[in-house]
Amino acid sequence: MTDANYSLTGFDLAGGDRYGQGGGRAAEPRVRVNGRAAGALAMGKARLVVLMSAFTMGFGAVGAKLVDATVSFGGAKEPTTARAASRTMMNSRADIVDRNGVLLATSLHTASLFADPKLILDAREAAQQIVTILPELDQQTLLADLKSDKRFVWIKRNLSPRQQQEIFRLGIPGLNFQREERRVYPQGNLAAHVVGFSGVDNNGLMGIEQSFDTRLKESDEPLRLSVDVRLQHVLRKELAATVEEFRAVGAAGMVMDVKTGEILAMVSAPDFDPHAPPAPQAEQDTDPRFNRNTLGVYEMGSTFKIFNTAMALESGHVHMHDMFDATRPIRIGRFTISDFHPENKWMDVADVFKHSSNIGSVKMAMEVGPAAQKEFMTKLGLLRQASLEIPERGWPMVPNPWREVNMMTISFGHGMSVSPVHLITAVSGVVNGGVMHPATLLKRDNPNEVPGNRIISEKTSDQMRKLMRLVVTEGTATKADAVGYLVGGKTGTADKVKGRSYAGNARISSFAGAFPINDPRYAIYVMVDEPKGTKKTFGFATGGWVAAPLAGSIVAQIGPLLGVKPVDNTAPEIIQALAVRPMPPVAPTHNGAQVAAIPASLQTGEDRD
């Protein structure tokens, strides 16, 4: 093959080759290139090297950009937001549990989506694709963010796993995920006002979450509260049903251990979802975030007669057998203090309390005087902010100066406003033997070492328990009687203050009490805000018609959960232990003539139990 540009050499037809003994395998041909072919081959090799170099440089540049986007943010200093997110990821919040270990709040790892707008190739297309997966985002706002000159913008925090996977599949350069935490509330709305909530940056913004923000970030141990989820369910259900039945604007309720001050249940209606808390509203009556139990302060109506009666008996100036003239209203200038259900007779202490007489209450307070009344209210903690472990606490509204006319209206629950947590704490101290324990939302580590201050004697406390039982068996709160649980308490109805005057068509209906009243273990308080009368209640919306049956229904359901054994209400030993046996009537020692010297002043109107 003399005409060919190449020749085959070293090929052994016998099966070997000149470079080795291949045996049974044909030797590979050796190509000898010469002439113009050699030049063409050399040029091809050079071009291939150049092309490979170009590809290497191109892919290297792309790789550098990816590293720049995902690791070093373009070599610039890490944005503040990204650093904050990294810190958030590191600082896991501890769980919050109820007294029995039921989970109220915990943290889950999530992914948050952010972008480096400098690396977004087509901002408009990217915005369209992202919004198809996250329709809650505003496309125009997102587009503006993706076109900005920033190197870091949050797109959405705390994605679900499905959302993260769908965004990942888009394959859009410049998008990435930051690992964070999301606070989760397994019980939802149930304890929203107690637990509160935290924001996207892992900071507590309300309730226990806010008060114990540092503790929850720095400790791995769960924070155990005093509340019981089981009681919360009962209380919330009953309050919601009552609000619906009486077309009220809201309601509130609490259950407290009278021996420790632990709040076992606290519900304020309406409530909210802590996963998506609403913005605060200007009108507190309809604001779901407003905690009526702790932040709201109200004139409590006749439930305050618990304190007025305890004060009078403790003072030594009034005794159970003393008689008071309730035959005529008390006139102050052009205003009148009268009884809603006038008995028009002389009454002893038991009758004054049982019939919820405003007139009798005023005359009992007059035996003590304004200075002593103010001192007693101070001892009950009603003149200062309540001691409780959440920031949402209201300040009492008290008269200044504390004059005689103020003493009179306060005796039946007007002219002074306190929060429900103030009230239930003081009631617990009145019925438990006379020692008031500070309210708490944390479970007591040692129930035998509970702080407390004596506010009344054991004798006065015993007398008050009998009077409170009398109100349930014969007085204004008969509908609060839960068979077997010996409920004792006091109803209250008070016109609401709106602006500078009282709203005649808006009232607070309430009940404060304890059970079993012969040896109290638990106090209960319920209030219904602006109830409207129904056909069933004959148009009445007072404490006796609205709040008393609500309390009775709650006690009947939570009594078994708390391990309270029912007793026979009609057993002779029970009746004897709780009997109020006033002495036979004696000559009147207190008359109405003293009232004539009371200075004229604005007065609140009637109490309606």
Side-chain angles (χ1 to χ4, degrees), residues 96-100 102 104-105 185-197 206-209 225-246 248-257 262-274 277-278 284-298 386 388-390 392-394 419-425 427-428 439-442 480 508-513 522-531 546-559 561-562:
I96 301 175
V97 297
D98 86 334
R99 66 184 302 104
N100 300 312
V102 177
L104 296 174
Y185 303 93
Q187 305 301 326
N189 298 36
L190 185 63
H193 290 97
V194 175
V195 177
F197 59 90
M206 182 179 170
I208 291 292
E209 289 274 32
L225 304 187
S226 60
V227 298
D228 186 325
V229 162
R230 302 171 302 168
L231 275 59
Q232 285 283 122
H233 276 291
V234 173
L235 186 56
R236 183 171 184 265
K237 172 177 67 74
E238 292 298 322
L239 287 175
T242 301
V243 167
E244 181 178 3
E245 179 182 359
F246 291 96
V249 299
M254 282 177 287
V255 178
M256 174 180 279
D257 187 324
E262 293 171 295
I263 295 176
L264 305 179
M266 176 188 285
V267 174
S268 178
D271 52 29
F272 62 93
D273 182 359
Q284 69 181 33
D285 284 346
T286 56
D287 187 353
R289 290 174 55 167
F290 185 77
N291 189 343
R292 283 175 164 79
N293 286 302
T294 62
L295 191 55
V297 291
Y298 310 95
L388 201 63
E389 299 90 352
I390 56 176
E392 298 81 24
R393 292 171 294 149
S419 69
V421 74
H422 280 105
L423 189 81
I424 195 172
T425 303
V427 167
S428 295
T440 181
L441 285 167
L442 301 182
I508 296 288
S509 298
S510 60
F511 175 87
Y522 306 103
I524 182 171
Y525 176 79
V526 292
M527 61 159 278
V528 184
D529 195 349
E530 297 189 27
V546 177
L550 170 61
S553 179
I554 293 169
V555 170
Q557 295 175 70
I558 68 175
L561 298 175
L562 292 168

Nearest 0.5 Å, please: how far is [atom2] in [Y] from [atom1] in [X]?
X: His233; Y: Ile558; atom1: NE2; atom2: CD1; answer: 14.0 Å
X: Met527; Y: Ser268; atom1: CE; atom2: OG; answer: 8.0 Å
X: Ile96; Y: Asp98; atom1: CD1; atom2: CG; answer: 11.5 Å
X: Asp529; Y: Tyr298; atom1: CG; atom2: OH; answer: 5.5 Å
X: Met266; Y: Ile424; atom1: CE; atom2: CD1; answer: 8.5 Å
X: Glu209; Y: Phe197; atom1: CD; atom2: CZ; answer: 9.5 Å

Shortest non-hydrogen contact from [X] toward [Y]:
X: Ala105; Y: Val195; value: CB-CG1, 4.2 Å
X: Val249; Y: Arg292; value: O-NH2, 3.8 Å
X: Ile208; Y: Ile390; value: N-CG2, 3.7 Å
X: Leu235; Y: Ala265; value: CD2-CB, 3.8 Å
X: Ala512; Y: Val427; value: CB-CG2, 4.3 Å
X: Thr294; Y: Ser419; value: O-CB, 3.8 Å

Run the side-chain contact (heavy atoms from CB on, under 4.5 Å) check on Leu561 and Asp228 step by step: do they pass? CA-CA 10 Å; Leu561 298 175; Asp228 186 325; over 6 Å; no

Measure the shortest side-chain to side-chain distance between [X] and [Y] over non-hydrogen atoms and say whether it is less than 4.5 angstrom.
X: Ser510; Y: Tyr525; answer: yes
X: Leu441; Y: Leu388; answer: yes
X: Val227; Y: Leu104; answer: yes
X: Leu442; Y: Ser226; answer: no
X: Asn100; Y: Arg230; answer: yes
X: Leu231; Y: Leu562; answer: yes
X: Phe511; Y: Ile524; answer: yes
X: Leu225; Y: Glu389; answer: no

Could you work out, with salt bridge (Lys or Arg N to Asp or Glu O under 4.0 Å) as the rule, every residue matching Arg236, not counting sequence neighbours? Asp271

Without hydrogens or angle criteria, can the side chains of Gln187 and Gln232 be said to hold a donor-acceptor pair below 3.5 Å? no

Any donor-acceptor N or O pair under 3.5 Å, side chains Glu238, Thr242: no

Given the side-chain rings of Phe272 and His193, with only the six-membered ring counted for Trp, is the space between their centroids under 6.0 Å? yes

Do Ser553 side-chain atoms and Pro549 backbone N/O form a donor-acceptor pair below 3.5 Å? no

